[in-house]
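What follows is a set of notes on a single structure, which appears directly below.
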Amino acid sequence: MNERRRPDFSLDNFHGIISGSPQMRRLFTLIERVAVSEASVLLRGETGTGKELAAAAIHRLSPRYARAFQAVNCATLTPELAASELFGHIRGAFTGAIAHRKGIFEVADNGTIFLDEVAELGVEIQGRLLRVLQERTFVPVGAVESRRVDIRLIAATHKSLREEVEAKRFREDLMYRIRVVPLFIPPLVERDGDLEALTWTFIDEFNQKSGRHIQSISGDAWDAMQSYWWPGNVRELRNAIEYAFAIGEGPSLGAEDLPPELRGEIPPKRLMLRHATHHLAPTGIESPSDLRASEELERGMIVEALQRANGSKSGAAEQLGISRTTLWRKMRELRLLNGPHSQD
Ligand SMILES: Nc1ncnc2c1ncn2[C@@H]1O[C@H](COP(=O)(O)OP(=O)(O)O)[C@@H](O)[C@H]1O
Ligand SMILES: [Mg+2]
């Protein structure tokens, strides 16, 4: 197996987002354009794809760059505390409110607010948030008078807000308010060349700050990295490299240096969770042998669909009623890529 060494790259570092892929370059262009406007941006992408980095980049490129950038993770806001966290409270507003406290909206006045995991906002606070966005005023908890506020909103979610709306967990009117410009951040496995580019970027980083000095990646390790689906995206990749630096030794990164999930040692239950989210897998699978059976079934269905579509992934995806991306990911999981059917 061939050892891989660091190739020559020309990489972009777009406000901390490192990439050499056309997919991300397109996103950078969109970010540059939307940043100078006042439009509300909704960043959609899996965990670890760089949503927070993208939000910060938008703020930095905007006319508000010298003002505050306030990030709040909506998943951590309890229904009781959300209003006070966002809009502040006056002294005596509730038991324990011993002093006036500024909320995020007040602190970020004239700046940008980043609502991370916005789909997790409670329904009650969604209504209050909508009013603030519409009227550009807010009332601190316990206060009577409203205050004017001028903020630019960026939100992020790994969920489909439309599906949340359909499930009645998210207000439709609020969705339209925050999703004026939706930007999709592609998962790591869909960025051409970025797995390798970022792997070496992180190896360079840890070469500088650890005792180990990695100069090459073994063929086995690279195979494992390439066929893994990276559900935690760039964050997970960086962690995996850090793990290799901590666990392994010597100048070559070997497969045994990689975290267990890359070595195919994850318990089958975990594997199933993601199968359950797609259309192909039968539900209610319990035992590992059932799982293997379901994988075999999927493999058979995919291979057949590909044959019928003369090897075209788009055609096969259409037949299977799944997106091309899902098909591609499944093929990667089932190690069907680089096989006889990977022409397109
Ligand atoms: N393209 C990238 N280049 C370098 N580091 C990245 C990139 N994308 C993400 N990261 C790093 O990965 C981690 C997760 O990024 P973050 O913006 O918090 O993702 P998200 O908000 O989508 O979960 C952070 O440590 C971030 O610095
Ligand atoms: Mg995040």
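Summarising the geometry, atom CG belonging to Leu258 is positioned 10.5 Å from atom CH2 belonging to Trp222; distances are rounded to the nearest 0.5 Å. The structure places CG of Leu161 at 11.0 Å from CZ of Arg169, a figure rounded to the nearest 0.5 Å. To the nearest 0.5 Å, atom CG of residue Leu198 and atom CD1 of residue Ile203 are 11.0 Å apart.
Between Trp200 and Arg5, the shortest heavy-atom distance links the atoms CZ2-C, 3.5 Å. Annotation for Phe105 and Val149: closest pair O-CG2, 3.3 Å, computed over non-hydrogen atoms. Closest approach of His59 to Arg64, counting heavy atoms only: CE1-O, 3.0 Å. Gly254 and Ala221 get closest at one heavy-atom pair: C-CB, 3.6 Å. Here the closest heavy-atom approach between residue Val118 and residue Cys74 is recorded as CA-SG, 4.0 Å. Nearest approach of Ala255 to Ser218, heavy atoms of both residues: N-OG, 3.8 Å.
For Arg235 (side chain) and Gly50 (main-chain N/O), no donor-acceptor pair under 3.5 Å exists by modelled atom type. Remark: side-chain polar atoms of Arg191 are not paired, donor with acceptor, to backbone N or O of Met24 under 3.5 angstrom. A distance-only check finds a donor-acceptor pair linking the side chain of Lys51 to the backbone of Gly45 [under 3.5 Å].
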Before you tell me yes or no, could you show the steps for Arg147 and Asp109 under salt bridge (charged side-chain N to carboxylate O under 4.0 Å, His left out), namely the whole-Å CA-CA distance, both residues' side-chain angles and the distance that decides it to 0.1 Å? CA-CA 11 Å; Arg147 305 173 189 208; Asp109 196 16; over 6 Å; no

Apply the test side-chain hydrogen bond (donor to acceptor under 3.5 Å, both in side chains) to residues Thr157 and Glu117: give CA-CA distance (whole Å), side-chain angles for both, the deciding distance (0.1 Å), then the verdict. CA-CA 5 Å; Thr157 176; Glu117 302 295 355; 4.9 Å; no

Can you list the steps and then say if Met175 with Arg162 is a side chain to side chain contact (heavy atoms under 4.5 Å, CB included)? CA-CA 8 Å; Met175 175 185 75; Arg162 199 166 278 289; 4.1 Å; yes

How far apart are the C-alpha atoms of Arg152 and Ser62, what are their side-chain angles, what is the distance that settles it, and do they pass the side-chain hydrogen bond (donor to acceptor under 3.5 Å, both in side chains) test? CA-CA 10 Å; Arg152 201 260 176 100; Ser62 81; 4.7 Å; no

Decide salt bridge (charged side-chain N to carboxylate O under 4.0 Å, His left out) for Arg329 and Glu46; before the verdict, give the C-alpha distance in whole Å, the side-chain angles of both, and the deciding distance to 0.1 Å. CA-CA 14 Å; Arg329 188 173 293 161; Glu46 293 176 3; 3.0 Å; yes

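Hydrophobic clustering (side-chain heavy atoms under 4.5 Å, transitive across Ile, Leu, Val, Met, Phe, Trp, Tyr) groups Leu30 together with Ile17.
Partner of Leu77 under the side chain to side chain contact (heavy atoms under 4.5 Å, CB included) criterion, chosen from Val72, Ile125, Leu115: Val72. Checking Asp194, Asp12, Asn13 one by one against Ser19, the side chain to side chain donor-acceptor pair (under 3.5 Å) holds for a single residue, Asp194.
Between Glu163 and Lys159, no side-chain nitrogen of the basic residue sits less than 4.0 Å from a carboxylate oxygen of the acidic one, so the salt-bridge criterion is not met. The existence of a salt bridge linking Arg212 and Glu249 is excluded, since no basic side-chain nitrogen approaches an acidic carboxylate oxygen closer than 4.0 Å.
Counted within 6.0 Å of CZ on Arg25, heavy atoms from surrounding residues, nucleotides or ligands total more than 12; the atom is thus considered enclosed.
There is no side-chain donor-acceptor pair under 3.5 Å between Ser21 and Asp192.
Looking only at side-chain heavy atoms (C-beta outward), Arg91 and Arg101 stay at 4.5 Å or farther from each other.
Both tests do not hold together for Lys168 against Phe170: distance to the six-membered ring centre under 6.0 Å, angle to the ring axis within 45°.
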